[in-house]
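Data block below; observations after.
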Amino acid sequence: MRHKITVSGVGCCLVDILYNDISFSSESIKPYLSQVRGDGGLTPGMLVFREEFEKYCGKSFGEVLANITGGRPYNKIDIGGPSIVSLINLAQLAGRENCEVRFYGRLGNDRQGKFLLSALKKMPVILRNLKTSEKDTPSTVVLSDPSWDDGNGERMFINSIGAAWDFMSGDLDNDFFDSDIVVFGGTALVPNIHDNLTSLLKKAKARDAVTIVNTVFDFRSEKNNPLKRWPLGKSDESYGYIDLLITDKEEALRLSGTSAPEEAVDFFIGRKVSSFIITDGARDIALYSDGKLFRKTDVTRMPVSQRVTDDLAELPGGDTTGCGDNFTGGVIASLVDQMTLKDCRPDLKEACIWGIVSGGFACFYVGGTYLEKKAGEKLKRLQPYYESYKLQMP
């Protein structure tokens, strides 16, 4: 007998403005590349704020963007952000009969805000407390180079926080904390939530919610002190209230203040994170569970999907935007599916399989959000990759 799971998420939701096929080795982009950490310049895989980028360049953003892109229009404008993209993938895979997915956030009362609201209403996510602000709608210009990293692809991000400054921790209602699962996604781009993560996680755990945090590059902290590790809330107490932390390698190193992934793993275990996953682009992921939420799993490595890799060689044309966000959504979808089954102890490895195939599948289309023609379409397309991965596993 299944029961319906409620998932409430808060964090980064914005308009992605995507430029594909931008060579990170071109002469046109070289003057705008970072020289020192946190200086406001561009770095593959990392994010800068638009205001800081303009200061670094000494020119208007429009002028710099025209120089980098050759003045061509963007390839796509899309729903973006580590919170909403992962929640959309979760809702598409879990289905409304098994899971109610809610999102809390802020938009601007502008053209991009109207586009984003219209697009979100087509998605299987319930919009809660999604008010408009006089500030601009949050946005990110995404520059993508599919040939970077030996053909694995990478992106650079120029972000405007905008209306996300106006979302306060007090805007999260009782329904948020009374959910079965609460997800804090990319909160470094929603500053007032990020700075209060310690108390918010503590409150969610007091209500017996499963707590999930998926991170994004924290340029605020990087700019303030590139030599100091990034804070997560008011103190390291935050980590002890996290049931599942999902972060990429660079973010794991900066959060832990370490120089190697193995040291980051030890840091998170030492800070009592119940379970965590560290992704690394097209390379193996690392995962761990102490046995409280997921069954106990020692530090384990899992590879990317070989079938996805093979198919991408035959079917180029997408980009890596949203791979990490869709990975997160796939992991949570599997957790929801496992939680709805009576007497089932969730398996983190099983959840990671759905994360891996979800993240890999995002490479087949431009942008992070997949627009289904009918409910269940994405799950049907992912199923063969899931089955292939099960055969790939030793």
Euclidean distance, D248 CG relative to I278 CD1, rounded to 0.5 Å: 9.5 Å
Ring-face cation contact, F177 with K203, 6.0 Å cut, 45° max: yes
Donor-acceptor pair, side chain of T69 and main chain of G71, under 3.5 angstrom: yes
Heavy-atom donor-acceptor pair, T140 side chain to V142 backbone, under 3.5 Å: no
Pair R220 + D195, salt bridge at N-O below 4.0 Å: yes
Side-chain donor or acceptor of S179 paired with backbone N/O of F176 under 3.5 Å: yes
Considering all heavy atoms, the nearest G41-V48 contact: O-CG1, 3.0 Å
Worked check of salt bridge (Lys or Arg N to Asp or Glu O under 4.0 Å) between D175 and R128: CA-CA 10 Å; D175 284 348; R128 296 290 293 265; 2.7 Å; yes
Minimum heavy-atom distance D243-S274, with the two atoms named: O-CB, 3.6 Å
Working for side-chain contact (heavy atoms from CB on, under 4.5 Å), residues L117 and L107: CA-CA 8 Å; L117 182 59; L107 308 176; 3.9 Å; yes
Steps toward salt bridge (Lys or Arg N to Asp or Glu O under 4.0 Å) verdict (D266, R271): CA-CA 9 Å; D266 291 340; R271 294 305 187 280; over 6 Å; no
N/O donor-acceptor pair under 3.5 Å between D180 side chain and T6 backbone: yes
From CA spacing to verdict: side chain to side chain donor-acceptor pair (under 3.5 Å), S34, D39: CA-CA 6 Å; S34 173; D39 61 9; 2.9 Å; yes
E250 and R37 ion-paired at < 4.0 Å: yes
Aromatic ring pairing Y386/W354, orientation class (parallel under 30°, perpendicular over 60°, tilted between): parallel
Nearest atoms (heavy-atom pairs only) where I29 meets I22: CD1-CG2, 4.2 Å
Distance, nearest 0.5 Å, that separates CG of D16 from CD1 of I84: 12.0 Å
ILVMFWY cluster, L253 and I246 together (side-chain gap under 4.5 Å): no
Inter-residue atom distance S8.OG - L172.CG, 0.5 Å rounding: 9.0 Å
Check against side chain to side chain donor-acceptor pair (under 3.5 Å), S26 and S28: CA-CA 5 Å; S26 68; S28 62; 3.0 Å; yes
Within one Ile-Leu-Val-Met-Phe-Trp-Tyr cluster: F267 and I269, side-chain cutoff 4.5 Å: yes
Which atom of L14 lies closest to which atom of S139, heavy atoms considered: CB-N, 3.8 Å
Residue that, paired with R106, satisfies salt bridge (charged side-chain N to carboxylate O under 4.0 Å, His left out) out of D136, D166, D171: D171
Parallel, tilted or perpendicular: ring planes of F364 versus Y385, cut at 30 and 60 degrees: tilted
Salt-bridge present (E52, K55; N to O < 4.0 Å): yes
Which atom of Q338 lies closest to which atom of D347, heavy atoms considered: OE1-N, 2.6 Å
R283 CZ: over 12 foreign heavy atoms closer than 6.0 Å: yes
Intermediate values then yes/no, side-chain contact (heavy atoms from CB on, under 4.5 Å), Y19 and L65: CA-CA 10 Å; Y19 291 86; L65 186 61; 3.5 Å; yes
Polar side-chain atom of E251 near backbone of F217 as donor-acceptor pair, under 3.5 Å: yes
Hydrophobic cluster membership, L382 vs M393, 4.5 Å side-chain cutoff: yes
Expected output: side-chain D78 to main-chain G80 donor-acceptor under 3.5 Å: no
Heavy atoms of other groups near K205 NZ, more than 12 under 6.0 Å: yes
Check: P226 main-chain N/O paired with R254 side-chain donor or acceptor under 3.5 Å: yes
Donor-acceptor pair, side chain of D337 and main chain of A333, under 3.5 angstrom: no
Greater than 12 external heavy atoms within 6.0 Å of E134's CD: no
Interatomic spacing from CG in D319 to SG in C363 - rounded to 0.5 Å: 8.0 Å
Distance, nearest 0.5 Å, that separates CD1 of I356 from NZ of K349: 11.5 Å
Ion pair check, R295 and E350, cut-off under 4.0 Å: no
Heavy-atom pair of closest approach, residues F49 and I158: C-CG2, 4.5 Å
Hphob cluster co-occupancy, V304 + L348, side-chain heavy atoms under 4.5 angstrom: no
NZ on K202 to CZ on R207, rounded to 0.5 Å: 14.0 Å
Heavy-atom neighbours of K228 NZ exceed 12 at 6.0 Å: no
Side chain to side chain donor-acceptor pair (under 3.5 Å) between E63 and N67, worked out: CA-CA 6 Å; E63 181 181 355; N67 290 341; 4.7 Å; no
Flag, side chain of K249 to backbone of D280, donor-acceptor distance under 3.5 Å: no
K374 with E377: basic N within carboxylate O range, under 4.0 Å: no
T43 vs L33 side-chain heavy atoms within contact, under 4.5 Å: no
Modelled atom types, side-chain donor and acceptor of D110 and T137, under 3.5 Å: yes
CA sep, side-chain torsions, deciding dist, call: S289, S275, side chain to side chain donor-acceptor pair (under 3.5 Å): CA-CA 4 Å; S289 170; S275 56; 5.0 Å; no
Verdict with supporting geometry, Y365 and Y370, ring-ring contact (aromatic ring centres under 6.0 Å, His included): CA-CA 8 Å; Y365 54 92; Y370 182 83; 5.4 Å; yes
Donor-acceptor pair, side chain of N89 and main chain of N326, under 3.5 angstrom: yes
same_hphob_cluster(V299, I285) at 4.5 Å side-chain heavy-atom cutoff: yes
Working for side-chain contact (heavy atoms from CB on, under 4.5 Å), residues C99 and V7: CA-CA 7 Å; C99 185; V7 181; 3.7 Å; yes
Carboxylate-amine/guanidinium contact D218 K223, below 4.0 Å: no
